[in-house]
Amino acid sequence: MAILAANWKLHKTTAEAVAWARAVKRSPLAHRAEVIVMPGFLQIPAVAAEIAQSPISLGAQDVFWEQSGAYTGMVSAAQITEAGCRYVLVAHSERRRYAAEDDEGAHARIRAALAHGLTPVYCVGEDMDQRNAGGFRRALKEQYDRGFGGLCADEARRVIVAYEPVWAIGSGQPATPEQASEVAAAIREGVGARTGLLEGLRILYGGSVAPDNVGGYLLGGGIDGILVGTASLDPIGFLALLKAVVGNG
Ligand code: 13P
């Protein structure tokens, strides 16, 4: 089943979040993909209550690696799990940019998530300078080599990788399905060499995905699902995305 994950970033009041969940959970299409919604932390409890007994899963946008202690402002994997989340984004490019998260921190976050039964969605992606300079391979290799660190194959299988080229996020300029497939193959090979995971790594594509281009990514090119920002915010638009995913995935 294809994955369709909605990363709301810093959008939506609690009332808007609940209204979205109410609209989307009613759709019969929600049973035909793994739909994941990732609200802001403060909206998670209300969305969790609204989607209870529905096929929609919940994810958080970040996690800290320690479980408790003097870490002002941080949120732990145990707290996220307790709130009803099954997934958590790790090292989204906006966290890398605005909160100085790095690959070592990503590794610690991935381990903390796995230790609490959360599925980390590890975000990797090159910026345009890196793509122009040496291609995507070197930039991405550093990210997945450090992020996956010493994970064994069984641990690596429980991580989802989201390929989100920085130049494609929110720009209206998505990677082509061919580019996404090429990168996905390189990631699978690299993670396999690093962890021994030879098959079963799930990879999402994200970056300017919209209803009219989403289908192309799921046509057998090694992309297992989509991570979407802007086009996920309006419930009608999200249902259009879901329809396209279910039709092609
Ligand atoms: P956009 O869909 O707005 O390009 O954002 C993608 C993204 O960053 C999802 O995590």
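Counting starts at 1 for both ligands and their atoms, following the listed order. Both backbone and side-chain heavy atoms feed into the values below; hydrogens, waters and symmetry mates do not.
Those atoms of ligand 1 that come under 4.0 Å of a heavy atom in G170, given as number and element, are 1 (P), 3 (O), 4 (O). Within ligand 1, the atoms closer than 4.0 Å to a non-hydrogen atom of N7 are 9 (C), 10 (O), numbered from 1 in the order shown.
The line from CZ of R96 to SG of C123 is 8.0 Å long, rounded to the nearest 0.5 Å. To the nearest 0.5 angstrom, K141 atom NZ is 10.0 Å from E189 atom CD.
Contacts between I169 and ligand 1 below 4.0 angstrom, taking non-hydrogen atoms only, involve backbone and side chain alike.
The closest side-chain heavy-atom distance from E126 to Y163 is below 4.5 Å. Annotation: side chain of V75 is in contact with side chain of F41 (closest heavy-atom distance under 4.5 Å).
Counted within 6.0 Å of NZ on K12, heavy atoms from surrounding residues, nucleotides or ligands total more than 12; the atom is thus considered enclosed.
In this structure, of H92, K9, Q61, the residue bringing a heavy atom nearest to atom 10 (O) of ligand 1 is H92.
Of the N and O atoms on the side chains of E34 and S57, at least one donor lies less than 3.5 Å from an acceptor on the other residue.
Of all protein heavy atoms, the one lying nearest to atom 3 (O) of ligand 1 is T230 OG1, 2.5 Å. If you check which protein heavy atom lies closest to atom 9 (C) of ligand 1, you get E164 OE2, 2.9 Å. The shortest contact between atom 2 (O) of ligand 1 and any protein heavy atom is with G229 N, 2.9 Å.
On a distance-only criterion, G207 and ligand 1 share no N/O pair closer than 3.5 Å.
In this pair, Y217 and Y205 present their aromatic rings parallel. The plane angle is below 30°, not in the 30 to 60° band.
The shell of residues lying under 4.0 angstrom from ligand 1, judged by heavy atoms, includes S208.
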